[in-house]
Amino acid sequence: MAQKPSIPKGTRDFSPMEMMRRNYIFSTIKSVFQLYGYLPIETPAMENLSTLMGKYGEEGDRLLFKILNSGDFVAKIPEEKRNQLESKQIVRHISEKGLRYDLTVPFARYVVQHRNEISFPFKRYQIQPVWRADRPQKGRYREFFQCDVDVIGNKSLLSELELIQIIDDVFGKLEIPTLTKINNRKVLYGIAEYIGETEKFINLTVAIDKLDKIGIDKVLEELRNNGFSEKALDSVCEILEFNGNNEEKTNFLSDLLGNTETGKKGIEEIKTVLVYAKSVNLSYEPEFDLTLARGLNYYTGAIIEVIARDADMGSICGGGRYDDLTGIFGLPDVSGVGISFGADRIYDVMLEKNLFPEETQSGTQVLFVNFGEKEEKYCLPIVEKMRKAGISTELFPGAAKMKKQMTYANNKNIPFVILVGGNEMENGFFTIKNMLTGEQQQMNFDKMLKLVVS
RNA sequence: GUGCUUGUAGCUCAGUUGGUUAGAGCACCGGAUUGUGGUUCCGGGGGUCGUGGGUUCAAAUCCCAUCAUGCACCCCA
């Protein structure tokens, strides 16, 4: 062994057991998406950098994986920039493609490019990996899967409701207890209006978003450092410290933000969504959370975030409404709303809480032990019959030692092993061993089939 | 990009104030058992102690550098 092979930081291999479990998550999510009439699309792993840059803020640009151009790219760097080794300056000369950072921006690009083939509202889902050049840590990877559902080309708040229902269904099926928090960007903007700091709206949201992590004092301190007036801070403090149920919160804010232009709209929207949510059966009612802000700046209306109860994992699902995402690609006034399930974090939570059902962990149901050439030949048509009957069946490749074959079945969690040797061939029966109980009996094909199916 | 942590067998780790040939458990392979796994018993393979330099009679152990990893910040699924 010359050098131990390895994979890049923040990436992972998935072994069979993990893949079975991951596929269980993906297929559950997919089935729910389809139940609500969403259709799948895929987009390339790499996009033109021009599509990606500037869509996620300055921080986002830093976290984009950039792909080096082919050929002698150095020659294309203008003479005067050759000597200044500032990455920012030369990056656009040596890289024009990047790995996708999320699925929403590529989707917006897709919609603009295919606008004439699409009939709106367009409901799509997309399950693909995304890449971020972040420092990995718990629940954070450099390559991870997002499962996006979006509906675009429609302003109805019924779409927000639909997403809330999808969240409830998915986590219901996966049996993960969750807390769905919703807020509205317009409400946050309303707060900025109310305190007269609309210019610093972004700073305000970034600070508020940290409330449950760093506490009110540090949030206020951060705002103070950003130049917010003491009077503004008092108001922010008053709002953030308000406690109550959804209704009390909306009432409180209605009074407070009643005279603000955008805030008023936001309150109306969130009220509507909450009323909708009351009218359907949900396991967990969404909670109006004023401190939810979410970093992505393209959100303009509802914002949603889901966390797993009793798990320290950050959000496992999040999203919101964006009114003009396609505008930057030349198609204005197309409103959309969407959410993204973080499959990898969901996996981590389910693993931690032991939520994977037994049946996701087995593949092969029956293994035929291979005793030799004659026996092999005899078994092949039987194996074929088993598979035709829908039973996942293997014949051990080669007449390896019995111990080896049994160990193989054991390690692979195969519940039944069938032994066909001279005795069985002569008398036309099968010896079938239950690997769980160790019990062993002899029977004909039909009986065997029945036993395996049950 | 900033701060801290940890690098010893495939995996999880032990290894005393620096001192013989660096250990254990699990996993793997073989045997006890040529048609019986999971339990038991016996045996076996596997290590440039992350890498490079330094101190020393002597370094897994001390020092420096470097790389890798994990965690936290920033940000985020």
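Values reported hereafter were calculated over all heavy atoms of this structure, with side chains retained and with hydrogens, waters and symmetry mates removed. In what follows, every chain begins at residue 1, and chains take the letters A, B, ... in the order their sequences are listed.
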Pair A:Ile418-A:Val369, side-chain contact (heavy atoms from CB on, under 4.5 Å): steps then yes or no: CA-CA 6 Å; A:Ile418 290 167; A:Val369 169; over 6 Å; no
With rounding to whole Å, what would you report as the distance between B:U51 and B:G45 at their P atoms? 23 Å
Using heavy-atom distances to pick each residue's nearest nucleotide on RNA chain B, tell me which of A:Gln440 and A:Arg62 is more 5'. A:Arg62
Pairwise C1' distance, B:A24 and B:U8 [rounded to whole Å]: 13 Å
Checking side-chain polar atoms at under 3.5 Å, does A:Glu269 have a donor or acceptor matched by the opposite partner on A:Asn184? yes
Select base, sugar-phosphate, or nothing to describe what A:Gln137 touches, counting heavy atoms under 4.0 Å on all strands. base
With a distance cut-off below 6.0 Å to the six-membered ring centre and an angular limit of 45° from the axis, does A:Arg132 pair with A:Tyr101 as a cation-pi contact? yes
Can you check whether any acceptor in the base of B:C71 is under 3.5 Å from a donor in the side chain of A:Arg140, or vice versa? no
Measure from CD1 on A:Ile29 to P on B:A77 and round the result to the nearest Å. 15 Å
Can A:Gln126 and A:Tyr110 be counted as having a side-chain donor-acceptor contact under 3.5 angstrom? no
Tell me whether the OP1 or OP2 atom of B:C28 has a side-chain N or O from A:Asn411 closer than 4.0 Å. yes
Hey, does A:Asp134 reach any base, or is it just sugar-phosphate, or nothing, if we go heavy atoms under 4.0 Å? base
Under 4.0 Å between any heavy atoms, over every strand shown, what does A:Glu424 touch: base, sugar-phosphate, or nothing? Just pick one. base
Mind listing the side-chain donor-acceptor pairs of residues 395-409 of chain A below 3.5 Å, one per line with the distance, residues two or more places apart or on another chain?
{"unit_1": "A:Gln405", "atom_1": "OE1", "unit_2": "A:Asn370", "atom_2": "N", "d": "2.7"}
{"unit_1": "A:Gln405", "atom_1": "NE2", "unit_2": "A:Asn370", "atom_2": "O", "d": "2.8"}
{"unit_1": "A:Gln405", "atom_1": "NE2", "unit_2": "A:Ala400", "atom_2": "O", "d": "2.7"}
{"unit_1": "A:Thr407", "atom_1": "OG1", "unit_2": "A:Lys403", "atom_2": "O", "d": "2.6"}
{"unit_1": "A:Tyr408", "atom_1": "OH", "unit_2": "A:Glu394", "atom_2": "OE1", "d": "2.8"}
{"unit_1": "A:Tyr408", "atom_1": "OH", "unit_2": "A:Lys412", "atom_2": "NZ", "d": "3.1"}

d(CZ, A:Arg135; C1', B:C73) in whole Å: 11 Å
Distance between the P atoms of B:U20 and B:C11, in whole angstroms? 27 Å
Mind checking A:Leu419 for me? I need base, sugar-phosphate or nothing, with any heavy atom below 4.0 Å counting as a touch. base
Most 5' of A:Val420 and A:Thr437 on RNA chain B, judged by nearest nucleotide: A:Val420
Among A:Phe145, A:Phe171, A:Phe26, ring-ring contact (aromatic ring centres under 6.0 Å, His included) partner for A:Phe341: A:Phe171
What integer number of Å spans the P atoms of B:A14 and B:A9? 12 Å
Nearest-Å distance, CD1 (A:Ile303) to C1' (B:C76)? 14 Å
Rounded off to whole Å, could you give me the CG-to-P distance for the A:Leu174 and B:A77 pair? 19 Å
Just to be sure I understand the rule, does A:Gly60 reach a base, reach only the sugar-phosphate, or reach nothing, if contact means heavy atoms closer than 4.0 Å? nothing
Mind calculating the distance between CD (A:Gln442) and P (B:U36) to the nearest angstrom? 14 Å
If we count only N and O atoms by modelled type, under 3.5 Å, do the side chains of A:Asp148 and A:Thr104 hold a donor and an acceptor together? yes
For a stem of at least 3 consecutive Watson-Crick or G-U pairs with distances under 3.5 Å, i pairing with j, i+1 with j-1 and so on, which stems involve RNA chain B? B:1-4 with B:70-73, B:10-13 with B:23-26, B:28-32 with B:40-44, B:50-54 with B:62-66
B:G54 versus B:A72 - spacing of their C1' atoms, nearest Å: 33 Å
Ignoring backbone atoms, test whether A:Lys9 places a side-chain nitrogen or oxygen under 4.0 Å from the OP1 or OP2 oxygen of B:U69. yes
Distance between P atoms of B:C49 and B:G3 (Å, rounded): 30 Å
In whole angstroms, how far is the P atom of B:C76 from the CG atom of A:Leu292? 12 Å
Could you tell me whether A:Gly139 contacts a base, only the sugar-phosphate backbone, or nothing, with contacts defined as non-hydrogen atoms closer than 4.0 Å? base
Establish, yes or no, whether the cationic atom of A:Lys55 lies under 6.0 Å from the six-membered ring centre of A:Tyr298 and within 45° of the ring axis. no
Any residue of residues 398-409 of chain A with a heavy atom less than 4.0 Å from an atom of RNA chain B: A:Lys401, A:Met402, A:Lys403, A:Lys404, A:Met406, A:Thr407
Looking at every strand, decide which applies to A:Leu436 at a 4.0 Å heavy-atom threshold: base, sugar-phosphate, or nothing. base
Which part of the nucleic acid, if any, lies within reach of A:Gly421 when heavy atoms closer than 4.0 Å are counted: base, sugar-phosphate only, or nothing? base
I'd like to know if A:Lys433 reaches the base of B:G37 with its side chain such that a donor and an acceptor end up less than 3.5 angstrom apart. yes
Quiz question: by atom type and distance under 3.5 Å, do the side chains of A:Thr431 and A:Glu424 form a donor-acceptor pair? yes
Taking the six-membered ring of A:Tyr141, is the NZ or CZ of A:Arg12 close enough (under 6.0 Å from the centre) and on axis enough (within 45°)? yes
Is there a donor-acceptor contact under 3.5 Å linking the side chains of A:Asp150 and A:Tyr322? yes
